[in-house]
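The figures here come from the full heavy-atom set of this structure, side chains too, leaving out hydrogens, waters and symmetry mates. All residue numbers refer to positions in the sequence shown, counting from 1. Here the structure is a predicted model, which is why all the values come from computation and not from measurement.
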Amino acid sequence: MFGYVCVNKAEMKIKDYETYKAVYCSLCKRLGRDYRFFSRFLLNYDLTFFALLSMSKSEDKLCIKRKRCCCNPLKACNYVSNAESGDSLGKASALLVIMAYYKLIDNIDDGGFFSKTGYTLLRPYFSHIKKKAGKKYPEYLRACEKMYEMQCKAQEKRACIDESAEPTAKLLETVFSLEAPEEKLKPVYAQFGYHLGKWIYLMDAAADIDEDIKRKSFNPIYEKLKLPKSESMQYANELLSQSVYLLTSAYNLIDKYKFKDILDNIVLLGLPKKQDEVLCLERKNNYE
């Protein structure tokens, strides 16, 4: 995940934003507790969304306490004190560090001499925390390993857009299907995760077109059109909007006992807003 799944802050109530930040800070705290201080720098909004959706299945009342920030003692932050139910934060932090490891490996594969050297120096630490997370959640490790293998094959054969997006889509399909509270809901969670994964991959590809052209790296959108970023954005927008429509259709079938307004803001308003920002488009109407 790459930090694209975030809120539309302008459309949020203050109380909802404070709750959102409390979960964000709680995930930061859990990362530090489980995988040492430096893992906190991996924190992103995508996994905050995952933690929120995971926690939303519980009907338990949320308890928020205000404490000093672990990274900045001069600052006070809100933390979710009863988030251990279902270990949503533990799952989110484990998934984050495992995905970060494979992102690092991808950067080593694609980077230049100096970036490869820097990333290689970081590899032992990432390998250590990846193994630790994989012992707790082996299903995440297996899914990420499979994703990386599929991604390497897709890049090697310079696959089409759909085939290139498939590894990330299948990864999140697996991860979100594990969150289904009932067997009959697994297809709904799986479809939501699949299309969200495809959207994230395409967003990253669209954002990286100029850089990939410069480095002569594989980019499925550029490979399809052979046009620079500014001329490829309309096509990318059509693909992304289709994914948003499909993931939204699945999302609307998921029951949320907590955080419904926050999750609705992210899926219905945050994703289209981020899409417009990355593609440098102006949307006349919000996606609803």
Side-chain angles (χ1 to χ4, degrees), residues 1-8 20 23-24 27 43-57 88 91-92 94-96 98-100 102-103 137 139-140 143-144 146-148 150-151 154 161-181 185-208 220-221 236-256 259-260 262-279 286-288:
M1 295 181 163
F2 306 91
Y4 296 122
V5 185
C6 51
V7 299
N8 184 339
Y20 176 74
V23 175
Y24 179 86
L27 181 56
L43 182 64
N44 66 40
Y45 294 120
D46 294 349
L47 271 297
T48 305
F49 170 77
F50 175 74
L52 281 162
L53 187 65
S54 178
M55 292 164 63
S56 73
K57 299 177 296 179
S88 298
K91 290 187 289 187
L95 180 60
L96 177 55
I98 295 171
M99 293 178 69
Y102 285 101
K103 178 64 175 173
Y137 297 98
E139 63 275 18
Y140 291 168
C144 287
K146 186 175 181 181
M147 178 273 296
Y148 180 69
M150 291 174 65
Q151 197 67 66
I161 293 175
D162 283 341
E163 190 175 349
S164 297
E166 188 75 359
T168 308
K170 294 298 288 184
L171 168 63
L172 294 194
E173 178 185 65
T174 300
V175 167
F176 279 92
S177 67
L178 293 171
E179 292 301 308
L185 291 176
K186 276 188 178 293
V188 175
Y189 279 79
Q191 281 298 295
F192 174 73
Y194 180 89
H195 294 294
L196 180 63
K198 188 173 183 179
W199 182 86
I200 290 171
Y201 178 85
L202 293 174
M203 281 283 287
D204 195 54
D208 288 347
I221 298 176
N237 186 55
E238 292 174 6
L239 295 176
L240 287 161
S241 295
Q242 182 182 39
S243 292
V244 170
Y245 173 78
L246 293 170
L247 71 87
T248 301
S249 299
Y251 169 80
N252 288 330
L253 298 176
I254 296 174
D255 290 327
K256 282 80 67 176
F259 311 129
K260 184 180 184 304
I262 302 173
L263 293 168
D264 285 354
N265 177 283
I266 295 171
V267 175
L268 305 180
L269 301 175
L271 299 188
K273 182 175 183 292
K274 180 59 70 173
Q275 181 176 318
D276 291 347
E277 289 174 355
V278 171
L279 272 58
N286 284 327
Y287 186 91
E288 294 179 336

Is the backbone N or O of [Y] less than 3.5 Å from a side-chain atom of [X], with the two atoms forming a donor-acceptor pair by type?
X	Y	value
Ser56	Leu53	yes
Asn44	Leu47	yes
Ser241	Glu238	no
Asn252	Thr248	yes
Lys274	Cys6	no

Shortest non-hydrogen contact between [X] and [Y], atoms and distance:
X	Y	answer
Ser243	Leu202	OG-CD1, 4.4 Å
Ala206	Leu279	CB-CD1, 4.0 Å
Pro167	Glu163	CD-O, 3.3 Å
Ile221	Ala205	CD1-CB, 4.0 Å
Asn265	Asn8	OD1-N, 2.8 Å
Ala51	Ser88	O-CB, 4.0 Å

Please report whether the ring centroid of Phe176 lies less than 6.0 Å from that of Tyr194. no
Could you tell me the separation between the [atom1] atom of [X] and the [atom2] atom of [Y], rounded to the nearest 0.5 Å?
X	Y	atom1	atom2	value
Lys256	Ile262	NZ	CD1	13.0 Å
Asp162	Tyr201	CG	OH	11.0 Å
Leu95	Leu171	CG	CG	6.5 Å
Glu139	Ser177	CD	OG	10.0 Å
Met150	Thr168	CE	OG1	9.0 Å
Met147	Glu166	CE	CD	13.0 Å

Is there a side-chain contact (heavy atoms from CB on, under 4.5 Å) between Val278 and Leu240? Walk through the geometry before answering. CA-CA 11 Å; Val278 171; Leu240 287 161; over 6 Å; no
If you apply the rule side-chain contact (heavy atoms from CB on, under 4.5 Å), what do you find for Gln191 with Leu246, and how did you get there? CA-CA 8 Å; Gln191 281 298 295; Leu246 293 170; over 6 Å; no
Check against side-chain contact (heavy atoms from CB on, under 4.5 Å), Leu196 and Val267: CA-CA 10 Å; Leu196 180 63; Val267 175; over 6 Å; no
Would you please name every residue forming a salt bridge (Lys or Arg N to Asp or Glu O under 4.0 Å) with Asp255, sequence neighbours left out? none
Residues that Asp264 engages under salt bridge (Lys or Arg N to Asp or Glu O under 4.0 Å), provided they are two or more places apart: Lys260
Evaluate side-chain contact (heavy atoms from CB on, under 4.5 Å) for Ile266 paired with Leu52, printing each intermediate quantity in order. CA-CA 11 Å; Ile266 295 171; Leu52 281 162; 4.2 Å; yes
pair [X]-[Y]: side-chain heavy atoms closer than 4.5 Å:
X	Y	answer
Leu271	Leu247	yes
Tyr140	Leu178	yes
Val7	Lys273	no
Lys170	Lys146	no

Ring pair (Phe, Tyr, Trp, His ring centres under 6.0 Å) against Tyr24, all qualifying residues, sequence neighbours excluded: Tyr45
Fit a plane to each ring of Phe192 and Tyr251, take the angle between them on a 0 to 90° scale, and name the class: parallel (under 30°), tilted (30 to 60°) or perpendicular (over 60°). tilted
